[in-house]
Visitor: 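First, the structure itself, so that you have it in front of you.
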Amino acid sequence: MVSLFGSLNVGEQALRASSVALQTVGQNIANASNETFHRQRVFMDALPALDKVTYQLGSGVDVERVERVVDMALENLIREAKSELGSLEVMRDTLTRLETVLNEFTDSDLSTSMADFWEAVDDFSNNVESSSARRSVILAAESLSQSFAYFSGRILEARSEANDYVKQAVGDINRIAREIADLNKQVSLAEDGGLQPQEANDLRDRRDALVEELSKLIRVKTTESSTGMLQVYTGSEFLVFDTNVYDLTTVDSTDDGVVVSKVVFEKNGMELKPQGGELKGYIDARDTLLGGYSDSLDELAGTMIYEVNRIHSSGRGIEGYAEIAGTYSVSDVTAALNAAGLPFDVENGSFTVNVRNVNTGHEEGTPVKVDMTGTGSNTTLAALVASLDGIDGISANITGDNRIHIQTDDSGTEVTFSNDTSGVLAALGVASFFTGSGASDMAVSSVVENNLNLLAGAKSPSAGDNSNALEWLSLRDSKVLSNDTETMDDYYTGLVGTIATESASYQDRVDNQTVLTDQMVNERQAISGVNLDEEALNLVQYQQAFQAAARFLSVISEMMDVMMSI
Amino acid sequence: MHKNAVGKLTVLLVEERETLDALAEKASEKQRAVVELRTADVERYSAEEGSLTRKLSALEETRVALFHESADRLGIEGEVNVESIAIAAGEPYATSLREAKTRIAVAAARLKKINEINRALLAQSLGHVHGILGLISRGGEEPTYRAEGVGKKAPTRTVSLVIDRRV
């Protein structure tokens with residue numbers, strides 16, 4: 001006969017199992033709108049029969065475990081997809097911002113400034129004696145310099161912001177890693193170090209959600225230990241191992257005036273090079289994308305400065321110089337000029353120093369050789385200054401900050417330069433038009449700005465000579481960039497075009513990756529998500545079935561009372 | 001002739017016991033189906049339980065008729081039950097009747113226990129289901145019409161009007 005204890009036991013188990021099953025339904029429904037929740041299902045286990053008289057009555061079932069409905073392979077794919085998306089979105093956003101900054105097709109864009117500058121030079125070449133034409137060249141050049149400086153500044157700002165995001169991402173990664181490590185401890189405790197068949201579903205859901213959040217920041221992979229702890233690593237380095245967290249930190253350095261933070265592991269200082277996620281996006285945007293465009297802008301500005309200066313320094317204005325100082329300093333006055341830290345190269349060649357008596361008009365030209373053959377004694381600043389100092393009518397010396405300084409020996413003479421095949425005058429900033437070496441510091445020489453007569457439109461003292469202005473203008477169509485394959489205009493057009501193309505390309509990639517990610521998330525939703533309509537329908541069916549099942553209970557009870565007393 | 005009625009009663013009691021065991025089995029299977037939320041099985045077992053209950057009821061009516069017939073034939077006065085019939089009928093019927101009665105009592109007790117568990121289980125399950133249904137329906141929602149036919153009040157508007165119907 002079934003014992004009272006046995007019956008009570010079966011009843012208790014049935015009630016408990018039923019309660020767990022329905023509570024699980026309730027929990028699924030309560031979390032229907034929780035994106036990170038995984039639907040749970042109950043696995044029942046048949047209990048051994050309590051008695052084996054005629055039938056195995058009362059054997060019943062009990063809850064073996066409540067399991068999350070989760071496809072870990074799909075979860076990993078979603079993490080990968082979100083990492084990639086995070087990185088692409090940062091690059092897309094950066095390019096979009098860059099496009100806005102370049103502000104093409106408006107009056108204030110750089111190409112308009114360049115066109116205005118060439119137009120002013122063109123006008124100058126036709127009116128070489130005109131002071132208004134000279135003033136126009138100065139104004140257009142100032143506007144061009146400001147445009148370069150503006151765009152360079154915006155790119156530097158964007159780089160600086162990207163660096164701030166790098167630091168922020170590192171902080172977020174450390175925070176999430178700590179939370180995962182903490183959950184590792186909780187999961188392991190809840191599952192008794194992996195000995196319990198029942199998994200800590202809600203803790204695991206929270207941990208998975210954190211790993212997904214982490215994946216958006218940095219591409220990570222995970223493995224689970226037998227104790228239920230998750231090991232999280234990026235590349236071959238662990239971020240989380242059991243309950244230990246390997247913090248990241250940043251080490252600052254400066255690049256082009258921008259603080260650049262390198263991401264390293266705090267424990268050993270090893271640099272982290274993320275393979276995906278927003279952190280990779282921010283680092284790539286800062287260094288490769290923005291750094292690359294900043295370099296390109298500097299290349300364009302530097303070429304403009306050097307090429308204009310090279311022509312300007314070999315020409316002459318309405319008057320020559322009584323005193324002149326180079327704008328660039330060398331690091332070592334005894335070092336060969338092409339290895340002395342000048343912003344521009346010096347080639348093997350020569351130039352002519354013209355000393356002119358303004359009263360008599362007599363002019364004496366003295367060639368100066370610049371030896372950059374790489375053999376023997378190459379020209380140093382000290383040697384060049386000595387050569388110049390030896391020329392009658394002028395004196396030369398080196399300033400305290402290692403710049404060249406030349407002046408005429410008496411007030412009735414002036415000095416000009418011509419036929420510089422070495423580029424040394426432009427490299428030292430002698431008789432230059434522009435100062436600076438890149439987009440950020442490009443400016444019009446204050447010497448020329450303050451004395452328009454020094455603007456060099458001629459190559460000879462003859463009145464009306466516009467040959468230097470024409471050579472200057474010819475620079476517009478000269479292929480001086482990209483290994484002499486592109487003009488400055490071509491280069492800039494290419495730069496803007498590349499940004500637009502890359503921006504469109506990244507937008508496409510973001511769109512495609514978004515579709516891919518959404519598909520996978522939808523697939524996960526189909527597997528792990530909760531369909532409220534379906535759950536509601538099930539509940540109504542449970543209700544009907546249970547009500548039907550309760551129908552004969554009273555009748556049977558009454559009948560059994562009778563039958564036990566026959 | 002009395003032997004014929006007592007023999008029939010013995011056979012009937014065996015059939016009643018078998019029906020009780022079958023009913024207990026169904027009740028047990030239904031219990032498992034309820035726990036595992038297998039609604040189709042719950043409904044199927046409930047229907048089968050209904051058939052067996054009706055059969056048991058019919059057997060009971062027959063048993064009552066046989067009790068009366070046996071009492072008349074055996075001249076039993078006062079309360080008629082299996083024990084009084086067994087005493088009156090004597091051996092070899094008495095032993096069979098007493099054994100059948102004992103087995104029925106055991107089967108009935110078992111079924112009663114399972115039935116009590118199922119009663120508690122279904123009450124609890126329905127409570128859960130109603131609770132969850134309340135979770136997914138809008139909390140505190142009044143029915144559209146009350147039993148007395150009074151309409152519910154319109155809920156307080158919490159969003160601003162987009163269309164001004166007075167225009």
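Naming convention: chains lettered A, B, ... in sequence-line order (proteins, then strands); numbering from 1 in each chain.
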Visitor: So which heavy atom on A/A549 is nearest to which on B/S46, and how close?
Guide: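 Heavy-atom minimum between the residues: CA-OG, 3.2 Å.
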Visitor: Let me know if A/V555 has heavy atoms under 4.5 Å from chain B in its side chain, its backbone, both or neither.
Guide: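 Only the side chain of A/V555 comes within 4.5 Å of chain B.
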Visitor: Which residues, numbered in order, of residues 556-566 of chain A come under 4.5 angstrom of chain B by heavy-atom distance?
Guide: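 A/I556, A/S557, A/M559, A/M560, A/D561, A/V562, A/M563, A/M564, A/I566, listed by number.
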Visitor: Kindly indicate, with the supporting measurements, whether the criterion side-chain contact (heavy atoms from CB on, under 4.5 Å) is fulfilled by B/L37 and A/L22.
Guide: CA-CA 8 Å; B/L37 303 176; A/L22 285 163; 3.8 Å; yes
Visitor: Looking only at heavy atoms and a cut-off of under 4.5 Å, which of B/E36, B/E29, B/K101, B/E16 has the most pairs with chain A?
Guide: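 Most pairs with chain A among the choices: B/E36.
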Visitor: With respect to chain A, which residue among B/L126, B/N115, B/L13, B/V80 yields the maximal number of heavy-atom pairs within a distance under 4.5 Å?
Guide: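 Sorted descending by pairs with chain A, the first entry is B/N115.
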Visitor: Please flag which part of B/R103 lies under 4.5 Å from any non-hydrogen atom of chain A: side chain, backbone, both or neither.
Guide: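 Contact with chain A: none, neither part.
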Visitor: When rounded to the nearest 0.5 angstrom, what distance separates CG in A/L539 from NE2 in B/H128?
Guide: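 If I round to the nearest 0.5 Å, the distance is 12.0 Å.
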Visitor: More than 12 foreign heavy atoms under 6.0 Å from CD of B/E91: is that the case here?
Guide: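 Yes, the 6.0 Å shell around CD holds more than 12 heavy atoms from other groups.
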Visitor: Rounded at 0.5 Å granularity, tell me how far OG1 in B/T39 sits from CZ in A/F546.
Guide: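 Between atom OG1 of B/T39 and atom CZ of A/F546 there are 8.0 Å.
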Visitor: In terms of heavy-atom proximity below 4.5 Å to chain A, should B/R63 be classed as side chain, backbone, both, or neither?
Guide: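 Interface part for B/R63: side chain.
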Visitor: Name the region of B/K30, side chain, backbone, both or neither, that has any atom closer than 4.5 Å to a heavy atom of chain A.
Guide: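 Only the side chain of B/K30 comes within 4.5 Å of chain A.
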